[in-house]
Amino acid sequence: MSALSQWFVGRSLRERRLILVMLALAVVTIVWAGVIRPVRDGLSSSRARYTEAVVTLGEAQARLAQVKAIQRRQTPLSLGGPLADAVRTRAEAAGIVLAGVDNDGADRVRVSVPAARAGALMTWIARLESEGILVDSINVAAAGPGAVSAQLVLMVRGN
């Protein structure tokens with residue numbers, strides 16, 4: 001450090017002033033490039049993400065309101081019998097083997113599918129939903145090559 005201070009003292013007054021100005025400009029540049037600019041860029045991207053999230057939230061809320069309006073207009077589905085029987089009948093028609101169908105309250109059933117092709121299972125579920133039997137919850141897991149097992153809770157639309 002003493003060698004640096006001796007070197008600095010050995011410079012002329014004009015050189016010392018130029019060195020001090022150069023060091024001050026270097027510090028300003030480092031602070032600007034290392035602190036101010038990254039913070040400003042981060043705030044800018046945060047504002048953009050926030051704006052996008054607010055727009056997405058508004059769109060989702062509008063869609064939810066539309067879905068709720070549609071659900072209020074629809075009358076409850078008439079299955080012509082218990083929900084469990086309707087689910088069994090539709091599963092047999094789709095070639096889905098059920099391990100169990102248990103009542104889980106009014107117009108709700110728990111369904112266990114030990115193994116089925118994923119595509120066939122999802123097609124059956126889509127067909128159920130188009131007929132007014134909705135999936136309240138589902139848990140799907142791999143059950144071997146090309147097969148899945150599923151635990152579902154089904155309910156009648158409007159309930």
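Values reported hereafter were calculated over all heavy atoms of this structure, with side chains retained and with hydrogens, waters and symmetry mates removed.
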**Prompt:** Hey, does L18 have a side-chain heavy atom less than 4.5 Å from the side chain of M22?
**Reply:** no
**Prompt:** According to a 4.5 Å side-chain heavy-atom criterion applied to Ile, Leu, Val, Met, Phe, Trp and Tyr, with indirect links allowed, do I19 and V28 form part of one hydrophobic cluster?
**Reply:** no
**Prompt:** CE/M155 to CG/D107 distance, rounded to the nearest 0.5 angstrom?
**Reply:** 9.0 Å
**Item:** Under the side-chain hydrogen bond (donor to acceptor under 3.5 Å, both in side chains) test, residues paired with R49 that sit two or more places apart
**Value:** S46
Taking only distance into account, with no hydrogens and no angle test, what donor-acceptor pairs under 3.5 Å do side-chain atoms of residues 110-120 form with protein atoms, sequence neighbours excluded?
| residue | atom | partner | partner atom | Å |
| --- | --- | --- | --- | --- |
| S112 | OG | Q151 | NE2 | 3.2 |

**Prompt:** Taking the hydrophobic residues Ile, Leu, Val, Met, Phe, Trp and Tyr, and joining any pair whose side-chain heavy atoms are under 4.5 Å apart, which ones share a cluster with V21?
**Reply:** L25
**Fill in**
Distance col, row I96:CD1 vs L128:CG, nearest 0.5 angstrom, shows 9.5 Å
**Asked** Can L98 be reached from V156 by stepping across I, L, V, M, F, W or Y side chains whose heavy atoms are under 4.5 Å apart?
**Response** yes
**Message:** With heavy-atom distances below 4.5 Å as the criterion, would you say the side chains of V135 and L154 are in contact?
**Reply:** yes
**Asked** Out of curiosity, L152 CG to W124 CH2, how far, rounded to the nearest 0.5 Å?
**Response** 6.0 Å
Could you give the side-chain donor-acceptor pairs of residues 30-43 under 3.5 Å, partners two or more places apart or in another chain?
none

**Request:** Applying side-chain hydrogen bond (donor to acceptor under 3.5 Å, both in side chains), name anything that partners D85, two or more places apart in sequence or on another chain.
**Result:** R88
**Prompt:** Going hydrophobic residue to hydrophobic residue with side-chain gaps under 4.5 angstrom, can you get from L20 over to V27?
**Reply:** no
**Message:** How about CD on E52, more than 12 heavy atoms from neighbouring residues, nucleotides or ligands closer than 6.0 Å, or not?
**Reply:** no
**Asked** Any side-chain heavy atom of R90 within less than 4.5 Å of one from R127?
**Response** no
Donor-acceptor pairs under 3.5 angstrom involving side-chain atoms of residues 136-144: please list them, not counting sequence neighbours.
| residue | atom | partner | partner atom | Å |
| --- | --- | --- | --- | --- |
| D136 | OD2 | R108 | NH1 | 3.0 |
| D136 | OD2 | R108 | NH2 | 2.8 |

**Message:** Is any side-chain heavy atom of D104 closer than 4.5 Å to one of V109?
**Reply:** no
